[in-house]
Amino acid sequence: MDVKLKLLRFNPETDTEAHFEEYTVEAEPMDRLLDVLHKVKWYQDGTLAMRRSCAHAICGSDAMVINGENALACKVLVKDLAQPITVEPIRGLPVIKDFVVDMEPFFAGYKAVKPWLITDPHEHEPARERIQSPEERAVFDDTTKCILCAACTTSCPIFWSDEGYVGPAAIVNAHRFIFDSRDSGARERLEILSQADGAFKCRTAFNCTAACPRGIKVTKAIQEVKRAALFGTV
Amino acid sequence: MATVEDIYRKHKPRAFKADRRPSRSEVWWWFFMRISGIILVFLVLIHLYVMHLVGEGVERVNFAFVAERWDNVGWKTFDWVLLVLALLHGSNGLRIIIDDYVRRDGVRTAIKGALYAVTTVLMIMGTAVIATFDPSLGS
Ligand code: FES
């Protein structure tokens with residue numbers, strides 16, 4: 001079948017503004033959008049810039065605005081998309097070229113919440129693994145699924161207007177450690193997320209939950225973090 | 001050759017930075033908005049009913065009506081609580097919207113300054129009227 005594409009192109013060397021360009025590609029209905037973009041890049045226009053790596057929805061490189069919704073190009077099938085398929089870079093971050101955006105503000109929020117295990121300094125280093133019951137694990141299971149694709153954060157209207165907002169992805173990754181029974185850094189992280197640009201800037205628009213390609217209940221996680229920050233309970 | 005620096009010249013994104021000593025005030029403002037919101041639903045509905053729907057509604061509101069109403073300390077308290085909660089809830093909401101959407105530092109400070117000034121003046125005026133109201137002025 002012929003697939004019609006409308007790609008939002010921007011070349012900083014020649015363009016002052018982004019503009020749509022149209023392409024037609026021969027593809028199978030079961031092809032992923034990523035395959036179709038590859039065909040454009042490999043056989044029609046080598047200047048098309050995009051990020052992708054695994055092509056299996058696990059590295060989180062290829063989040064794009066596809067027919068108006070944030071998704072991974074490697075996770076949507078051509079047959080499920082209305083034509084012409086419009087593809088734009090994710091919103092709220094400066095576009096470097098075509099679908100490549102500057103992810104720095106996104107990762108700044110991620111780094112700020114200390115997304116690593118913080119152990120209790122008074123605890124003797126255990127000689128065995130830290131035991132965790134299935135129930136304890138279930139509390140934060142959902143937020144372990146994040147692949148840092150930025151689909152949630154760049155679907156957030158608050159982030160669009162202010163990249164200084166820590167963003168849903170950072171809160172999700174904070175949640176993953178705050179509610180981990182082996183971790184002792186909850187206080188530090190909740191303190192950081194209590195500041196003006198932290199979790200309380202969330203207005204529960206729910207765009208993040210709709211955008212997550214991993215099906216993480218992002219808004220729910222944010223609300224749990226807010227509750228923990230407000231009442232000091234984990 | 002355009003670089004990220006060139007792109008930044010047009011739009012340098014702000015990025016989240018953890019404050020050295022993070023303040024928790026935003027947490028309490030957030031909590032205040034939920035609680036005051038719930039209370040205001042009832043206060044505003046009662047206010048609307050009493051002032052605009054009963055009898056001839058707002059047509060009957062004159063000095064005598066207010067004097068009689070504020071003879072009762074309960075209604076005075078009711079009106080003052082409504083004033084404080086509505087004013088704080090409303091202006092805090094505006095502050096949050098300004099923080100979200102006004103991106104130029106100077107402009108934001110100016111608009112927020114004006115907002116705080118208006119809020120303070122309205123709060124003082126409203127409180128003064130309720131506290132110093134003298135029904136004998138009408139006669
Ligand atoms: S290419 Fe890795 S997530 Fe799509």
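Computation of the quantities below employed the complete heavy-atom set of this structure, encompassing side-chain atoms and omitting hydrogens, waters and symmetry-equivalent molecules. All figures in this text were calculated on a predicted structure; none of them were measured in a lab.
Looking at B:Trp29, neither its backbone nor its side chain comes within 4.5 Å of chain A, counting heavy atoms on both sides. Only the backbone of A:Val95 comes within contact range of chain B, judged by heavy atoms closer than 4.5 Å. In this structure, chain B has a heavy atom under 4.5 Å from the side chain of A:Phe231, while its backbone stays farther away. Looking at A:Lys111, there are no atoms closer than 4.5 Å to chain B (heavy atoms on both sides), in backbone or side chain. Only the side chain of A:Lys226 comes within contact range of chain B, judged by heavy atoms closer than 4.5 Å. With a threshold of 4.5 angstrom between heavy atoms, A:Asp162 approaches chain B through its backbone and through its side chain.
Per-residue heavy-atom pair counts under 4.5 Å with chain B were compared for A:Gly109, A:Pro94, A:Ala170, and the maximum is reached by A:Pro94. Annotation: maximal heavy-atom pairing with chain B below 4.5 Å, among A:Leu93, A:Asp102, A:Asn11, occurs at A:Asp102.
Of the inter-residue distances, the one linking A:Ile192 atom CD1 with B:Phe16 atom CZ reads 7.0 Å to the nearest 0.5 angstrom. The structure places CZ of A:Phe200 at 13.5 Å from CE of B:Met33, a figure rounded to the nearest 0.5 Å. For the atom pair CD1 (B:Ile96) and CZ (A:Arg203), the distance works out to 5.5 Å, reported to the nearest 0.5 Å. Between B:Arg24 atom CZ and A:Leu230 atom CG the span is 7.0 Å, to the nearest 0.5 Å.
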CA sep, side-chain torsions, deciding dist, call: B:Lys17, A:Asp197, salt bridge (charged side-chain N to carboxylate O under 4.0 Å, His left out):
CA-CA 8 Å; B:Lys17 231 177 114 233; A:Asp197 290 330; over 6 Å; no
Using salt bridge (charged side-chain N to carboxylate O under 4.0 Å, His left out), reason through A:Lys201 and B:Asp100 one step at a time and then give a plain yes or no.
CA-CA 9 Å; A:Lys201 219 171 153 73; B:Asp100 279 350; 3.2 Å; yes
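Within 6.0 Å of CD in A:Glu69 there are 12 or fewer heavy atoms belonging to other residues, nucleotides or ligands. Within 6.0 Å of atom CZ in B:Arg103, more than 12 heavy atoms from other residues, nucleotides or ligands are found, so the atom counts as buried in its surroundings. Remark: A:Lys217 NZ is loosely packed, at most 12 non-hydrogen atoms of other residues, nucleotides or ligands lying under 6.0 Å away. Within a 6.0 Å sphere centred on OH of B:Tyr49, other residues, nucleotides and ligands contribute 12 heavy atoms or fewer. At most 12 non-hydrogen atoms from other residues, nucleotides or ligands lie less than 6.0 angstrom from CD of B:Glu68. Residue B:Trp80 qualifies as open at atom CH2: its count of foreign heavy atoms under 6.0 Å is 12 or below. Within a 6.0 Å radius of CD in A:Glu123, other residues, nucleotides and ligands contribute more than 12 heavy atoms. Residue B:Arg104 qualifies as open at atom CZ: its count of foreign heavy atoms under 6.0 Å is 12 or below.
Checked by atom type and distance alone, the side chain of A:Ser194 never pairs as donor or acceptor with a backbone atom of B:Val27 at under 3.5 Å. A:Glu163 contributes a side-chain N or O that, together with a main-chain N or O of B:Arg14, makes up a donor-acceptor pair within less than 3.5 Å.
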